[in-house]
Every structure is written in structure tokens, then in C-alpha cells.
Amino acid sequence: MNRVTVRLPGEGVDRSYEVVVGSGALALLDGLLDALDTSPKRIAVVSQAGLPVTVSSTRECHRFMIGDGEHHKTLDTIQELCRGFASAGITRNDVVVAVGGGMVTDVAGFAAASYHRGIRVVHVPTTLLGMIDAAIGGKTGVNLPEGKNLVGAFWQPSGVLCDLDVLSTLPDREVRCGNGEMAKYHFLTGENLSALNLGERVARCVEIKAEVVASDERESGRRAILNYGHTLAHALETASEHRLAHGEAVAIGLLFAARLAERLGRISSERVEQHRIVIEDDYGLATTIPQVASPAEFVALMGRDKKAVDGLTFVLDGPSGIEVVANVDAVVVRELLDELVGS
Ligand code: GLY
């Protein structure tokens, strides 16, 4: 097993937690719960129907199923869960165990953050994307009709169990989505992640994310680099009405961000080619920008990105590495989109 600590010192309380990555990690759940400061009597397992993962525990175990898809990522689902917790007698000393992909850990995490003004949560991500991104770092939340993840809380888990065995049953599309996020990590530190096997690579991605989160838990600055490739990705998800999944959109957004950085004189064409090789050749991901919106519509959508506080904001590669760049010239962005959309 690989163990990565997310170091989060607080005032008088150490909120650090461990992410365990390895084959059979799921079996460590009871040990993790035993080791908590005040061990819970009950667990509230939040999951979805049809997942090939069953959590077992010696504790009193209450199970709650939530629906699949973004349209279930709502405040109504939070209310249903919290009412279910109350009916089951879940107390503030008990623990929510979120078993599923990013949608499940986001929703169950927010229910845990809200119930009794906050009870502990353990994440058991069952997708690659969940393991290397959604379950790490404490972002939780749900959508509003006005936009994605507009209501939520930073609520760090008490532990995360990434059982690599569950990845063997992952549908191809889920693998692609995980690979889109994984490709991002290749550029954050500049090291050669391709040389690692899957388990080592998942653990290294977790380590990279843990280090960034530890340095800026509430995204007042540096944490935003984790959104590399996400500015165009979010616009693509919205314009395609989520027919394009997050990781697929991130793959397209990463190569676009590299091309934009080149156009702005920040990186060389060789560096763009390195991006293309990782995304297309190593991970086999598509990078053509689909015609789900016109270039002008993409620019408008990116201008409304919730990260954009100052004009068009991108996370871009450059001489000092990956960083947030505000006020990117909309004319340059538009010209590049004119060349690339659909081609
Ligand atoms: N998914 C980006 C972050 O956790 O900050």
C-alpha cells in the first residue's frame, strides 16, 4: 500500500489525514474508523446502485443510495440524505462513508459538512478521477440551476481509501475521464509520470494534489493551478450539456491551454508537442474541440467561468511553470478558437 498524508494543520487541531492507495485498501475501513479520535458506533454509507463495490464494517451500518447523473447533484438530494441520517439516528460522533465517483464524494461530503453542522466523512472513491482528484482536498458541493457546484463547503475527509482493485471493472469512458485529469499532473511538476505503474502513478498524483492543497486549502491562490485545462473544459461541458464528460473535456482543454500559452509567447512549440504526446499518444485521448458552440460563444462562456475574476482567466504554462493568468486577450483566444474549433 502507498500512504500519502494530506497535511492540514489547524489552530490547535491537526486536521491531517491519510490517503491509502493500493490493492485491497477497502478492507482497511474498520481499522481507519478504529483509529479516529472518537471511534464511531454507526456509519452512514452513501453510494449509488450498480457499483461493483460493497463496503462492510463491524459497526451499525446504514445505507443510502443517491441517483446517478448531474441532475441528482442537488440540494434536494442533500435534504433527502440528511433526513435519512436523522431517521437512522446518525449522531454527530458517527461517520459518513462515501462510496462512488466524484459526484458521490461531492454530495456525501456536503451532506456530512451540513448534518449536525458537520460530521466526519471517509471517502472511498471508485473511479480513477475520484482517486486522483475529487476525493482529495475537501471540496464538496452540489449544483444549482444557475451553475455547477455553486453551493458547497470545504470539508476535509478523515481518511481516503483508494482500492486499485475497483479500477479493473471501470467502463472505458470512466477510464478516459480519469486519464484526462491524470494527464494534467504530468505538467504540474514536470516529472515523467509515464515511467510509473498505475498504482505508483495514482499515489504520485495524490501526493502532488496533497502538496498543493496543503499550501492553499481554500484556493486563495496556488490551488487554482489544479484547474489547468479547466477553463475551456468547463465551457465545453456546459455547451455540450454534459454530453462531453469532465475528464474528456479536460484533455481538450489542456492542449488548448498549451497552444494558447505558445500563442502568448509563454512556451515553445516543443513544449506544446510534449503536451500532445502525453494527452494523445500516451493516454489516447481526443483533443479536437467539438463544434458544440461557436468560437464567440466559447469566449463568452469562458468569461463567465467562476474562477474568472479579472477578464478571461486561464491557468497557463510558462517560464515559471503552471500559473493563473488573468486578463488574457480575448482577441488572441478568439483567433485560436477560430483556427481550432472542429479541426
Ligand atoms: N479539483 C480541483 C481542486 O480540488 O481544487
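Note that ligands are numbered from 1 as they come in the structure, with each ligand's atoms numbered from 1 the same way. For clarity, every value in this text was computed on a predicted model and none was experimentally measured.
Salt bridge absent: Lys139 and Glu217 never bring a charged side-chain N and a carboxylate O closer than 4.0 Å. Arg222 has a carboxylate O that lies under 4.0 Å from a charged side-chain N of Glu211, or vice versa, which qualifies the two as a salt bridge.
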Donor-acceptor contacts, no H, no angles, side chain residues 242-257, under 3.5 Å, sequence neighbours left out:
{"unit_1": "Arg243", "atom_1": "NH1", "unit_2": "Ser240", "atom_2": "O", "d": "3.3"}
{"unit_1": "His246", "atom_1": "ND1", "unit_2": "Glu237", "atom_2": "OE2", "d": "2.9"}
{"unit_1": "His246", "atom_1": "NE2", "unit_2": "Glu181", "atom_2": "OE2", "d": "2.9"}
{"unit_1": "His246", "atom_1": "NE2", "unit_2": "His230", "atom_2": "NE2", "d": "3.3"}
{"unit_1": "Glu248", "atom_1": "OE1", "unit_2": "Arg173", "atom_2": "NE", "d": "3.3"}
{"unit_1": "Glu248", "atom_1": "OE1", "unit_2": "Arg173", "atom_2": "NH2", "d": "2.7"}
{"unit_1": "Glu248", "atom_1": "OE1", "unit_2": "Ala245", "atom_2": "N", "d": "2.8"}
{"unit_1": "Glu248", "atom_1": "OE2", "unit_2": "Arg173", "atom_2": "NE", "d": "2.9"}
{"unit_1": "Glu248", "atom_1": "OE2", "unit_2": "Arg176", "atom_2": "NE", "d": "3.4"}
{"unit_1": "Glu248", "atom_1": "OE2", "unit_2": "Arg176", "atom_2": "NH2", "d": "3.1"}

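Across all non-hydrogen atoms, the minimal contact from Val341 to Pro290 is CG1-O, 4.2 Å.
Ring centroid separation for the pair Phe64 and Phe85 comes in under the 6.0 Å cut-off.
Judged purely by distance below 3.5 Å, without hydrogens or angles, the side chains of Thr38 and Asn93 pair a donor atom with an acceptor atom.
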If you look at each N/O of ligand 1, which protein N/O atoms lie under 3.5 Å away, and at what distance?
{"unit_1": "ligand 1", "atom_1": "1 (N)", "unit_2": "Asp133", "atom_2": "OD1", "d": "3.0"}
{"unit_1": "ligand 1", "atom_1": "1 (N)", "unit_2": "Asp133", "atom_2": "OD2", "d": "3.2"}
{"unit_1": "ligand 1", "atom_1": "4 (O)", "unit_2": "Lys209", "atom_2": "NZ", "d": "2.6"}
{"unit_1": "ligand 1", "atom_1": "4 (O)", "unit_2": "Arg223", "atom_2": "NH2", "d": "2.8"}
{"unit_1": "ligand 1", "atom_1": "5 (O)", "unit_2": "Lys139", "atom_2": "NZ", "d": "3.0"}
{"unit_1": "ligand 1", "atom_1": "5 (O)", "unit_2": "Arg223", "atom_2": "NE", "d": "2.7"}
{"unit_1": "ligand 1", "atom_1": "5 (O)", "unit_2": "Arg223", "atom_2": "NH2", "d": "3.3"}

